[in-house]
Amino acid sequence: MSDATLAFTGLGAREAAPAGPLLPLRARGLTVVLGGRALIDGLDLDLGPTGCTAIMGPNGAGKSLLLRLLHGLEAPCGGTIDWNGHAPGTAVTRRQALVFQTPVLLRRSVAANLDFVLKARRKDRSRRDAMLDHVGLAGKAAQPARLLSGGEKQRLALARALALEPEMLFLDEPTASLDPGSVQRIEAIVAEAGAAGTRVVIVTHDIGQARRLADDVVFLNRGRMAEHAPADTFFAAPSTRAARDFLDGRLVV
């Protein structure tokens, strides 16, 4: 795991932890421009302290980029992000976790992957066995992580993230290309985390998954916020043509 990855996962240099809850989040005028093209274009977003938000939209809409901006992996060219009165930084990031579409795992055993992050964050290492049991990997604790199936690797990544007790859990297409059984198990873990009080933001292309998990939906199109609505409202009566076309399968790129 590189120094950059350590920083991204909140395991880098220590700062004084901000007092009080991390949420709500308020972003204003977020802009990312690359090669003269606005990848994120003046985006405003408010996220409350509870629930699961699905970020959806066609390919190239800026979904994963928005996730990386909120988590601090990327810096915007313009705009601000406010975490309940605190600016982004290592101390804020340490209270979050991010699980990528392709899990970033250590070339060690399953158990050692959890031991590493728990030690780095000075968490009780006795949590390891409970977390592995929670995600169904207790029987593979001594196995090299690289030998796990795709779904098992993603469950290990989730266990490692949740072992740190994050207030905010970011998920970037966590079930892409996985079999239905793996999707079901991962969704159950995410739903349980949300029910236990972890704020969840998930980027997903899977409409069924968003229906099952999300309380609200952020719909992006061409780097702009096209809609942000309660999930029931969004799926029953999207207010924009782009969202209607997306849900009908007519807007892909």
Side-chain angles (χ1 to χ4, degrees), residues 21-27 30 40 43-71 81 83 96-101 135 151 154-155 157-158 161-162 166-178 180-252:
L22 194 60
L23 294 157
L25 175 144
R26 176 183 171 93
L30 291 184
I40 297 289
L43 189 144
D44 296 340
L45 176 64
D46 291 280
L47 295 178
T50 62
C52 176
T53 299
I55 300 178
M56 307 189 75
N59 295 339
K63 304 183 295 295
S64 294
L65 178 55
L66 175 59
L67 204 71
R68 294 171 69 87
L69 289 170
L70 298 179
H71 188 53
I81 299 173
W83 290 94
Q96 310 168 12
L98 169 62
V99 175
F100 296 95
Q101 177 178 335
V135 301
Q154 198 63 289
R155 280 188 276 142
L158 275 169
L162 293 172
E167 294 176 51
M168 171 71 84
L169 176 63
F170 291 111
L171 304 167
D172 192 1
E173 300 277 12
T175 61
S177 303
L178 296 183
S182 294
V183 171
Q184 185 177 30
R185 297 188 76 171
I186 288 168
E187 287 184 2
I189 295 168
V190 173
E192 289 170 7
T198 302
R199 186 63 164 92
V200 178
V201 175
I202 179 171
V203 169
T204 181
H205 68 279
D206 186 332
I207 294 171
Q209 181 170 83
R211 287 181 181 272
R212 291 187 293 271
L213 293 177
D215 298 297
D216 62 300
V217 176
V218 170
F219 182 77
L220 303 184
N221 189 34
R222 298 180 179 177
R224 296 180 179 179
M225 174 82 74
E227 297 192 38
H228 185 190
D232 290 346
T233 300
F234 177 79
F235 291 116
S239 62
T240 63
R241 173 67 179 273
R244 292 193 293 271
D245 286 347
F246 176 80
L247 293 176
D248 289 341
R250 297 193 299 269
L251 182 62
V252 179

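Values below: all heavy atoms of this structure, side chains included; hydrogens, waters and symmetry mates excluded. Being a predicted model, the structure only gives us computed values, none of them experimental.
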S.K.: Do Phe219 and Pro58 come within less than 4.5 Å of each other through their side chains, counting heavy atoms only?
M.R.: yes
S.K.: Roughly how far, to the nearest 0.5 Å, is the CG atom of Asp44 from the CZ atom of Arg224?
M.R.: 12.5 Å
S.K.: With a 4.5 Å heavy-atom cut-off, do Thr175 and Ser182 have their side chains touching?
M.R.: no
S.K.: Given Val99 and Asp172, is the side chain to side chain contact (heavy atoms under 4.5 Å, CB included) satisfied, shown in steps?
M.R.: CA-CA 6 Å; Val99 175; Asp172 192 1; over 6 Å; no
S.K.: Any chance you could measure Glu227, atom CD, to Thr240, atom OG1, to the nearest 0.5 Å?
M.R.: 3.5 Å
S.K.: Assess whether atom CZ of Arg212 is packed by more than 12 heavy atoms of other residues, nucleotides or ligands within 6.0 Å.
M.R.: yes
S.K.: Minimum heavy-atom separation for Leu247 and Pro238, please, with both atom names.
M.R.: CD1-CG, 3.8 Å
S.K.: Can you measure from CD1 (Ile40) to CZ (Arg222) and round to the nearest 0.5 angstrom?
M.R.: 14.5 Å
S.K.: Please report the shortest heavy-atom distance between Gly223 and Leu43, naming the atom on each side.
M.R.: O-CD1, 4.2 Å
S.K.: With the side chain counted from C-beta on, respond yes when Leu169 and Gln96 share a heavy-atom pair under 4.5 Å apart, and no when they do not.
M.R.: no
S.K.: Which of these passes side-chain contact (heavy atoms from CB on, under 4.5 Å) with Gln154: Val183, Ile189, Ile186?
M.R.: Ile186
S.K.: Could you check if a side-chain atom of Leu45 sits within less than 4.5 angstrom of a side-chain atom of Leu30, using non-hydrogen atoms only?
M.R.: no
S.K.: How about CD on Glu192, more than 12 heavy atoms from neighbouring residues, nucleotides or ligands closer than 6.0 Å, or not?
M.R.: yes
S.K.: Output the distance between atom CG (Leu98) and atom CG (Leu171), rounded to the nearest 0.5 Å.
M.R.: 8.0 Å
S.K.: Search all heavy atoms of Asp215 against all heavy atoms of Gly51 and return the closest pair with its distance.
M.R.: OD2-CA, 3.2 Å
S.K.: Which residue, Leu67, Ile202, Ile55, forms the side-chain contact (heavy atoms from CB on, under 4.5 Å) with Phe170?
M.R.: Leu67
S.K.: Minimum heavy-atom separation for Arg26 to Asp46, with atom names?
M.R.: CG-OD1, 3.7 Å
S.K.: Within the structure provided, determine whether Leu23 and Met168 are in side-chain contact (heavy-atom separation under 4.5 Å).
M.R.: yes
S.K.: Give, for atom CG of Leu220 and atom CG of Leu66, the distance between the pair rounded to the nearest 0.5 Å.
M.R.: 6.0 Å
S.K.: Applying side chain to side chain contact (heavy atoms under 4.5 Å, CB included), run through Phe246 and Met56 and close with a yes or a no.
M.R.: CA-CA 9 Å; Phe246 176 80; Met56 307 189 75; 3.8 Å; yes
S.K.: For a quick test of reading the model, state the closest non-hydrogen atom pair linking Cys52 to Leu213 and the distance between them.
M.R.: CB-O, 3.4 Å
S.K.: For a side chain to side chain contact (heavy atoms under 4.5 Å, CB included) check, start with the C-alpha distance between Val217 and Thr53, then their side-chain angles and the critical distance, and finish with the verdict.
M.R.: CA-CA 6 Å; Val217 176; Thr53 299; over 6 Å; no
S.K.: About how many Å separate CD1 of Ile207 and OG1 of Thr204, when rounded to the nearest 0.5 Å?
M.R.: 9.0 Å
S.K.: Are Pro174 and Val190 close enough that some pair of their side-chain heavy atoms sits under 4.5 Å apart?
M.R.: no
S.K.: When Glu173 is tested against each of Lys63, His205, Gln209 for side chain to side chain donor-acceptor pair (under 3.5 Å), which residue passes?
M.R.: His205
S.K.: Salt bridge or not between Arg244 and Asp248? Use side-chain N to carboxylate O under 4.0 Å.
M.R.: no
S.K.: Is Arg199 salt-bridged to Glu167, cutoff N-O under 4.0 Å?
M.R.: no
S.K.: Are side-chain heavy atoms of Arg211 and Phe234 found at a separation under 4.5 Å?
M.R.: no
S.K.: What heavy-atom pair brings Gly48 and Pro24 nearest, and what distance separates the two atoms?
M.R.: CA-CB, 4.3 Å
